[in-house]
Amino acid sequence: MVEALVKIMESTDPFYSGSSRIEMAQITQWVQYGGKISERKVPLERYAEELNLFLARRTFIVGCSLSVADVSVATAIAPFLRNLHITPEIQWDLSNLIRWYKNVQQNTSSLDRIDFFVRPVYLL
């Protein structure tokens, strides 16, 4: 999956792949991070907590718009969120992650071929 997303990133416009070399490098790192999440060597809860903290002051993972990094990480963390019973406490504890995830879902309607976006998770 990581290699495929990097190829997509290289062939798409800067809107999804970054507007500078720094953003492109950051996106590549986040795509690799999404690959690590997918490996599931570490409990997904840990990644969810890390992402929640990282997204506290961000709307998107890299830069000011949706990128391949957002798609990669959202696709990787989706199984955790699909199986999560959202209680008010969890909604509070993971509020940044849930906000970002909903935002990625709403901004990726053109990517309906990816399983994650075909069956979106509707959170509280």
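None of the values given here were measured: they were computed from a predicted structure.
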Novice: Would Asn107 and Asp70 count as a side chain to side chain contact (heavy atoms under 4.5 Å, CB included) if you check the C-alpha gap in whole Å, the side-chain angles of each, and the deciding distance to 0.1 Å?
Specialist: CA-CA 10 Å; Asn107 285 289; Asp70 295 290; over 6 Å; no

Novice: Which heavy-atom pair separates Val104 from Ala74 by the least distance, and what is that distance?
Specialist: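 Residues Val104 and Ala74, closest heavy atoms: CG1-CB, 3.8 Å.
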
Novice: What closest approach, in Å, do Asn96 and Asn52 show between heavy atoms, and which atom pair accounts for it?
Specialist: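 Residues Asn96 and Asn52, closest heavy atoms: N-OD1, 2.9 Å.
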
Novice: Do Leu55 and Ile61 come within less than 4.5 Å of each other through their side chains, counting heavy atoms only?
Specialist: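 They are in side-chain contact.
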
Novice: How many angstroms lie between CG in Leu81 and CD1 in Ile98, if you round to the nearest 0.5 Å?
Specialist: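 Taking CG in Leu81 and CD1 in Ile98, the distance rounds to 7.0 Å.
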
Novice: Determine yes or no for a side-chain-to-main-chain donor-acceptor pair under 3.5 angstrom, with Arg58 supplying the side chain and Trp100 the backbone.
Specialist: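 Flag not set: sc Arg58 to bb Trp100 has no pair under 3.5 Å.
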
Novice: Calculate, to the nearest 0.5 Å, the distance between atoms OG and CD1 belonging to Ser72 and Ile77 respectively.
Specialist: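 Ser72 atom OG to Ile77 atom CD1 measures 11.0 Å (nearest 0.5 Å).
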
Novice: Using a cut-off of 6.0 Å, state whether more than 12 heavy atoms not belonging to Ile22 lie near its atom CD1.
Specialist: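 Not more than 12 within 6.0 Å, no.
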
Novice: Got Pro79 and Arg40 here, is their nearest side-chain heavy-atom distance under 4.5 Å?
Specialist: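 Yes, at least one pair of side-chain atoms sits under 4.5 Å.
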
Novice: Taking a hydrophobic cluster as the set of Ile, Leu, Val, Met, Phe, Trp and Tyr residues connected by side-chain heavy atoms closer than 4.5 Å, whether directly or through intermediates, do Leu53 and Phe60 fall within one such cluster?
Specialist: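 As far as the 4.5 Å side-chain criterion goes, Phe60 and Leu53 are not connected within one cluster.
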
Novice: List the atom of Leu97, the atom of Ala48, and the distance in Å for their closest heavy-atom pair.
Specialist: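 That would be CD2-CB, 3.7 Å.
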
Novice: Please give me the minimum heavy-atom distance between Glu45 and Phe80, naming the atom from each residue.
Specialist: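 Reported closest heavy-atom pair: CG-CE1, 3.5 Å.
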
Novice: Give the minimum heavy-atom separation between Tyr33 and Val73, together with the two atoms involved.
Specialist: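 Where Tyr33 meets Val73 most closely, the heavy atoms are CD2-CG2, 4.3 Å.
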
Novice: Enter the distance from Ser67:OG to Gln26:CD here, rounded to the nearest 0.5 Å.
Specialist: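 One finds 9.5 Å between OG of Ser67 and CD of Gln26.
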
Novice: Tell me the closest heavy-atom pair linking Thr59 and Arg99, and the distance in Å.
Specialist: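 For Thr59 versus Arg99, the nearest heavy atoms are CA-NH1, 3.9 Å.
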
